[in-house]
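First the structure, in the form of structure tokens, and then the observations on it.
All figures in this text were calculated on a predicted structure; none of them were measured in a lab.
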Amino acid sequence: MTTDKTVTAPDGYVQPELDVRALTEVLDGEYAEIRDLVRTNLVTYASVLEEADGLGTDAYRERVRELVVEMAATGQTGMGFPKRYGGGGDVGASIAAFETAAFGDLSVLVKTGVQFGLFGGAILHLGTERHHDAYLPDLITGKLMGCFAMTETGHGSNVQALGTVARYDAAAQEFVITTEGDQARKDYIGNAARHGELAVVFAQLEVGGNSEGVHAFVVPIRSGGEVVPGVDIEDDGRKMGLNGVDNGRIRFDGVRVPRDALLNRFADVTPEGIYKSTIDNPDRRFFTMLGTLVQGRVSVGGAGVNAAKVALAVATKYALRRRQFAAGSQEEEQLLLDYGLHQRRLLPLVARTYALHFAQDVVRTQLHDVFSGVEDDPQARRRLEARAAGTKALGTWHATRTIQECREACGGAGYLAVNRFAALKADSDIFTTFEGDNHVLLQLVAKGLLTDYASEFEDLDQLGMVRYVTNLAVETVIEKTSAHKLLERVRDLLPGGDEWDQEAGLLDSEYQLAMVRYREEHMLAGVARRLKTGIDRKSDAGAVFSEVQDHVIAVAHAHIERLVLEAFVEKTRTLPEGGNKVALGLLCDLFALSTIEADRAWFMEHGRLTVQRSKAITREVNDLCRKVRPLAGGLVDAWGIPSAMLRAPDLVGGA
């Protein structure tokens with residue numbers, strides 16, 4: 001299938017011919033088969049999009065559970081588990097399946113994530129063979145439903161400070177699980193209010209009166225559908241969205257579980273009550289434990305990007321149908337997407353979505369390599385954790401922003417529930433919060449940058465990071481963290497003197513990369529200097545970090561945007577010559593220049609943009625939007641969203 005036949009403009013520009021099917025193959029990559037399976041399932045169960053609006057909360061929850069179990073029977077949800085237990089043995093495929101499922105009902109997606117990603121992932125990655133044998137076969141089929149009970153009312157992001165306690169009773173060889181006050185109740189826990197039979201509970205382990213930090217335990221919460229003694233479950237009730245997921249609060253009143261309920265991959269307790277771990281440092285042990293669960297962040301980031309695709313596909317198709325106002329002497333009113341402002345609203349978002357898609361490909365591959373043992377370097381795991389955190393933040397913020405812009409771009413019709421934006425907005429909004437608050441995640445990214453993912457990475461809290469950085473010379477921080485050693489050669493890549501006002505070079509990917517790399521490294525140097533200055537003044541390390549937090553978030557954001565652009569540039573360079581490569585080149589330029597334009601104040605403040613060149617970038621962005629406009633329909637079609645998922649009959653014509 002091809003669209004948009006070759007057109008030559010008066011200025012000599014030749015419009016590329018887009019091969020939509022081939023572009024879909026590029027986007028689906030090595031996981032085309034699993035993505036097609038998910039698309040087939042989405043179409044089979046498309047009625048849930050209607051049912052979500054019509055069913056009451058209880059009926060909707062039951063319908064979502066049914067669909068999760070039925071999809072599990074197709075193999076879609078078990079791809080990441082070992083084959084010996086009925087899984088697919090392919091971590092990368094499991095992420096690809098989850099990403100693609102985000103085209104559909106997001107309650108089904110999140111229920112899937114809770115059951116197979118969080119609950120199942122905790123059993124798989126934190127447990128050992130005894131736990132795998134006991135739980136994985138029924139878990140993979142959905143026969144055994146479970147919860148991931150980490151977050152508490154009083155602590156979400158600060159997991160090390162959880163208040164639930166698990167005390168070891170050596171005489172009985174049991175752990176006693178206790179909720180110590182309302183702030184320690186497990187809250188917002190998916191699968192808790194109705195369907196969960198087991199919970200992986202994160203609690204402070206106490207052995208012989210000594211605290212050993214947070215560990216995970218398998219704890220029954222229901223038997224035969226009834227809540228077990230000692231467990232109290234409260235329904236969280238209706239939420240802003242995702243009302244097909246049964247979130248609840250759990251309290252434990254001296255609940256006893258056997259010694260082997262401890263998920264003991266990294267630590268164990270002997271029958272006599274001796275604590276043992278292969279990782280001596282408690283902070284490193286904690287971060288190693290959480291690091292095994294990084295796939296949740298990779299999954300949510302990809303899901304956010306795909307939710308944005310649905311919104312953009314609807315808004316773009318609507319803009320190619322809807323006419324408003326006559327242009328000039330024409331009697332017929334003009335298509336929305338022919339207006340420059342409408343192009344400006346949608347097309348840079350399309351470009352950013354493509355960029356984030358290819359960045360997601362990179363982080364998914366890294367996850368697969370680390371979890372499959374292909375890459376066993378400890379630094380690779382630390383880089384993965386930081387990259388996954390940052391990509392999740394940018395991907396989910398992009399979803400929230402894009403869905404809102406697309407809703408507005410569809411006017412009043414976009415506000416009608418039948419046209420799906422209501423569900424997309426309500427259901428995806430929480431993506432910026434779960435699997436880690438985005439601002440907290442970006443602090444993790446910055447921590448990795450400032451410490452160069454050193455062996456101390458897992459040991460350092462915020463104050464430890466401040467002390468670590470301030471013990472280094474600023475030049476050492478930059479030398480250790482600079483992947484490109486730009487401080488000298490950047491002068492050769494960025495225009496200077498009289499050449500600043502020349503527009504030549506704006507579409508050079510080396511120029512674009514140099515700009516975002518320079519921004520990142522300059523910001524990083526600035527954070528390091530500010531930290532050192534604060535400590536040199538004998539200020540408290542916590543106060544010093546608090547003062548620079550805005551700077552920390554900015555450098556982390558700049559770092560991830562640089563990685564996203566690099567991924568897009570690299571992908572474009574690897575494509576064979578032809579219309580698709582030209583089209584993606586236009587999108588890559590549009591993403592790069594609109595990113596620079598959005599932060600033009602910083603570049604101008606730091607001497608990297610003159611007023612004239614800043615204006616030139618804006619003109620170039622407008623021109624790129626005009627060039628992308630004839631390709632827009634094909635570009636959103638290439639995402640391969642089943643038409644049944646574009647449930648917006650008023651906008652796209654009865655999909």
Side-chain angles (χ1 to χ4, degrees), residues 68 72 77-82 85-87 91 94-95 98 110-152 155-157 159-160 162 164 166 175 177 186-192 195-205 213-222 245 247-248 250 252 255 257-258 260-268 277 279 285-300 367 370-371 381 385 388 434-436:
V68 168
T77 60
M79 294 303 299
F81 294 100
Y85 297 109
V91 177
S94 72
I95 305 298
F98 190 84
V110 171
K111 184 92 167 177
T112 298
V114 168
Q115 170 69 14
F116 305 103
L118 294 177
F119 173 59
I123 298 288
L124 176 63
H125 296 304
L126 300 181
T128 52
E129 189 172 4
R130 71 190 188 206
H131 305 107
H132 300 166
D133 291 343
Y135 304 120
L136 288 185
D138 285 346
L139 184 161
I140 291 171
T141 64
K143 180 180 179 181
L144 172 65
M145 302 292 280
C147 309
F148 183 83
M150 176 182 281
T151 297
E152 295 179 356
H155 285 98
S157 299
V159 178
Q160 279 182 293
L162 293 179
T164 305
F175 294 102
I177 313 293
K186 298 299 179 182
D187 214 343
Y188 326 119
I189 308 302
N191 270 353
H195 300 135
E197 297 174 54
L198 294 178
V200 172
V201 178
F202 289 80
Q204 302 285 352
L205 171 61
V214 174
H215 291 66
F217 304 82
V218 180
V219 182
I221 59 173
R222 284 187 180 84
V245 182
N247 296 85
I250 313 174
F252 304 95
V255 175
V257 294
D260 61 6
L262 172 65
L263 294 175
N264 63 333
R265 178 179 175 186
F266 300 111
D268 211 344
S277 176
I279 306 173
R285 185 166 59 240
F286 171 75
F287 281 107
T288 300
M289 178 182 70
L290 290 192
T292 61
L293 306 176
V294 70
Q295 72 182 60
R297 289 171 181 166
V298 177
S299 298
V300 171
L367 177 81
V370 167
F371 278 66
R381 180 177 287 273
E385 291 168 10
F434 63 38
E435 295 302 312

Practice item. Taking side-chain contact (heavy atoms from CB on, under 4.5 Å) as the test, write out the residues that go with His155, two or more places apart. Key: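 Residues passing side-chain contact (heavy atoms from CB on, under 4.5 Å) with His155: Asn158, Ala161, Leu162.
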Check your understanding: What residues form a side-chain contact (heavy atoms from CB on, under 4.5 Å) with Phe81, not counting sequence neighbours?
Key ->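 For Phe81 the side-chain contact (heavy atoms from CB on, under 4.5 Å) partners, ignoring immediate neighbours, are Phe116, Leu124, Leu136, Leu139, Ile140.
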Point to revise | For Asn264, side-chain hydrogen bond (donor to acceptor under 3.5 Å, both in side chains) partners two or more places apart | key: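 Asn264: side-chain hydrogen bond (donor to acceptor under 3.5 Å, both in side chains) contacts with Thr128, Asp268.
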Exercise for review: Please identify each residue that fulfils side-chain hydrogen bond (donor to acceptor under 3.5 Å, both in side chains) with Thr164, with sequence neighbours left out.
Suggested key: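 Applying side-chain hydrogen bond (donor to acceptor under 3.5 Å, both in side chains) to Thr164 gives Glu152.
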Run the ring-ring contact (aromatic ring centres under 6.0 Å, His included) test against [X] and tell me which residues pass, sequence neighbours left out.
X	result
His195	none
Phe434	Phe431
Phe119	none
Phe148	Phe202

Measure from the side-chain N and O atoms of [X] to the backbone N and O of [Y], and report whether any donor-acceptor pair falls under 3.5 Å.
X	Y	value
Asn191	Gly146	yes
Arg297	Ala388	no
Gln115	Gly196	no
His125	Met289	no
Arg222	Ala192	yes

Exercise for review: Measure the shortest side-chain to side-chain distance between Val257 and Pro220 over non-hydrogen atoms and say whether it is less than 4.5 angstrom.
Suggested key: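 Sidechains of Pro220 and Val257: in contact.
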Practice item. Check step by step if side-chain contact (heavy atoms from CB on, under 4.5 Å) holds for Ile123 and Val200. Key: CA-CA 8 Å; Ile123 298 288; Val200 172; 3.9 Å; yes
On a heavy-atom basis, which atom in [X] and which in [Y] lie closest, and how many Å separate them?
X	Y	result
Ala199	Ile221	CB-CG2, 4.0 Å
Met145	Gly142	SD-O, 3.4 Å
Gly127	His132	O-NE2, 3.5 Å
Ala267	Leu262	O-CD2, 3.7 Å
Gly190	Asn247	N-ND2, 3.6 Å
Met150	Val159	SD-CG2, 3.7 Å

Check your understanding: Among pairs that include at least one residue of residues 115-135, which meet salt bridge (Lys or Arg N to Asp or Glu O under 4.0 Å), considering only residues two or more places apart or in two chains?
Key ->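 Sorted pair list: Arg84-Glu129, Arg84-Asp133.
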Check your understanding: According to the salt bridge (Lys or Arg N to Asp or Glu O under 4.0 Å) rule, which pairs have a member within residues 134-149, sequence neighbours left out?
Key ->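 Sorted pair list comes back empty.
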Practice item. Determine, step by step, whether Val214 and Gln204 satisfy the side-chain contact (heavy atoms from CB on, under 4.5 Å) criterion, reporting the C-alpha distance in whole Å, the side-chain angles of both residues, the deciding distance to 0.1 Å, and the verdict. Key: CA-CA 4 Å; Val214 174; Gln204 302 285 352; 3.5 Å; yes
Practice item. Supply the atom-to-atom distance Lys186 NZ to Cys147 SG, rounded to the nearest 0.5 angstrom. Key: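 Answer for the NZ-SG pair, Lys186 versus Cys147, is 11.5 Å.
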Practice item. Using salt bridge (charged side-chain N to carboxylate O under 4.0 Å, His left out) as the criterion, list what pairs up with Asp187, not counting sequence neighbours. Key: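 With sequence neighbours excluded, Asp187 shows a salt bridge (charged side-chain N to carboxylate O under 4.0 Å, His left out) to Arg185, Arg249, given in chain and number order.
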**Study point:** Glu435: salt bridge (charged side-chain N to carboxylate O under 4.0 Å, His left out) partners, not counting sequence neighbours
**Key:**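 Once residues adjacent in sequence are excluded, Glu435 has no partner under the salt bridge (charged side-chain N to carboxylate O under 4.0 Å, His left out) criterion.
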Point to revise | From CA spacing to verdict: side-chain contact (heavy atoms from CB on, under 4.5 Å), Val68, Thr77 | key: CA-CA 8 Å; Val68 168; Thr77 60; 5.6 Å; no
Exercise for review: Classify the ring geometry between Phe217 and His215 as parallel (under 30°), tilted (30 to 60°) or perpendicular (over 60°).
Suggested key: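 Aromatic pair Phe217/His215 classed tilted.
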Practice item. Run the numbers on Arg381 and Phe371 for side-chain contact (heavy atoms from CB on, under 4.5 Å), then give the verdict. Key: CA-CA 9 Å; Arg381 180 177 287 273; Phe371 278 66; 4.3 Å; yes
